[in-house]
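Following: one structure in structure tokens, then a few remarks.
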Amino acid sequence: MISATLEHMLAEARHIAVLTGAGVSAESGVPTFRTAGGLWAQYDPTRLATREAFEENPDLVWSWYSWRRGIIRGVQPNPGHFALAEAERLFPRFSLITQNVDNLHRRAGSREVHELHGNIEHSRCIACGRPYPGDEAPPTETALHCECGGLIRPGVVWFGESLPETELDFAQQAALDCDLFLAVGTSGLVYPAAGLPLLAQRRGAYVVEINPEPSALARQLDECLQGPSGVILPLLIETAKRFRTTV
Ligand code: OAD
């Protein structure tokens with residue numbers, strides 16, 4: 001199932017970069033966006049995931065994120081998340097970049113996670129930018145207000161907004177520097193994240209997709225491992241462990 005090149009990379013690569021998408025959390029029970037029955041098949045993103053939508057109907061948007069937080073808090077990381085947490089201790093350099101806002105990588109033990117689309121638990125004031133205190137957003141159905149009077153928004157990136165600059169810079173540098181790049185559980189349709197696997201490939205990295213269905217990028221990548229990440233990632237880590245010891 002794993003090619004000789006990938007096995008060689010798992011044994012020898014100096015720097016491995018991984019980009020995860022919603023699919024890595026699917027086996028935990030977190031809904032994806034674009035698969036059949038996914039969030040964007042049921043809900044209109046223009047009414048829920050833009051700044052304009054929030055300003056127009058803050059309670060609707062806030063309560064939708066409260067609902068999603070409830071799902072996320074009620075699930076557990078799966079073997080794919082745990083395999084990536086182990087990878088951090090196995091390879092000399094390992095960069096974990098995620099489009100997910102669900103905290104499951106950290107809950108699985110990953111110490112360094114680069115979140116391109118923010119984090120659903122990190123809320124902040126839309127007016128003054130002050131973070132809302134505490135590790136978890138309150139589970140209210142109505143939008144909250146900051147001391148300054150501004151509305152509190154979920155700390156996620158909405159359509160039409162820029163990605164956090166430091167995280168995007170980190171991700172691009174990792175793509176430029178790595179020898180092996182894994183694109184895991186992402187449809188490859190949302191940029192700039194979707195540009196990272198091809199950026200890595202142009203700089204000479206070996207780029208592998210892990211997904212039960214071929215993504216929009218699959219045909220351009222070097223190898224596609226078709227299957228759930230909760231099965232394939234542990235397999236890759238077991239392979240790497242035949243050659244490497246945990247650092
Ligand atoms: P999508 O919902 O677009 O794609 C999920 C991908 O996961 C699909 O390609 C599935 O085939 C795959 N998948 C499903 N089950 C899987 C499993 N068990 N193992 C591995 N892969 C599996 O999600 P993303 O690509 O993450 O942005 O979407 C990117 C962004 O679009 C999201 O971060 C979100 C959304 O709009 C914002 O909210 C800013």
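Atoms within a ligand are numbered from 1 in the order they appear, just like the ligands themselves.
For a threshold of 3.5 Å applied to N or O pairs, the pair formed by N100 and ligand 1 contains no separation below that value. On a distance-only criterion, G185 and ligand 1 share at least one N/O pair closer than 3.5 Å.
Protein heavy atom nearest atom 19 (N) of ligand 1, with residue, atom name and distance: S229 N, 3.0 Å. Among protein heavy atoms, atom 25 (O) of ligand 1 sits closest to T186 OG1, 2.7 Å. Looking only at protein heavy atoms, the nearest one to atom 37 (C) of ligand 1 is H117 ND1, 3.9 Å. Atom 29 (C) of ligand 1 has its closest protein heavy atom at Q99 OE1, 3.3 Å. Among all protein heavy atoms, the one lying closest to atom 32 (C) of ligand 1 is F33 CE1, 3.6 Å. Protein heavy atom in closest approach to atom 3 (O) of ligand 1: S187 OG, 2.6 Å. Atom 36 (O) of ligand 1 has W40 NE1, 3.0 Å as its closest protein atom, hydrogens excluded (heavy atom only). When only non-hydrogen protein atoms are considered, atom 14 (C) of ligand 1 lies nearest to G23 CA, 4.0 Å.
In this structure, P212 has a heavy atom closer than 4.0 Å to ligand 1. In this structure, L189 does not count as a contact residue of ligand 1, since none of its heavy atoms falls inside 4.0 Å of the ligand.
Once rounded to the nearest 0.5 Å, the distance linking SG of C148 with CD1 of I126 reads 10.5 Å.
Within 6.0 Å of atom CZ in R93, more than 12 heavy atoms from other residues, nucleotides or ligands are found, so the atom counts as buried in its surroundings.
The proximity of A26 to ligand 1, defined as any non-hydrogen pair under 4.0 Å, is limited to the side chain.
Nearest-residue assignment for atom 12 (C) of ligand 1 (options L233, V184, N211; heavy-atom criterion): N211.
A tilted orientation is assigned to the rings of W67 and W64, their planes being inclined by 30° to 60°.
With hydrogens and angles left out, the side-chain atoms of S66 and E141 include no donor and acceptor closer than 3.5 Å. Counted by atom type alone, T5 and E223 present zero donor-acceptor pairs between their side chains at under 3.5 Å. For the residue pair T140 and W62, a side-chain donor N or O sits within less than 3.5 Å of a side-chain acceptor on the partner. Side-chain N/O atoms of E167 and H114 include a donor and acceptor closer than 3.5 Å.
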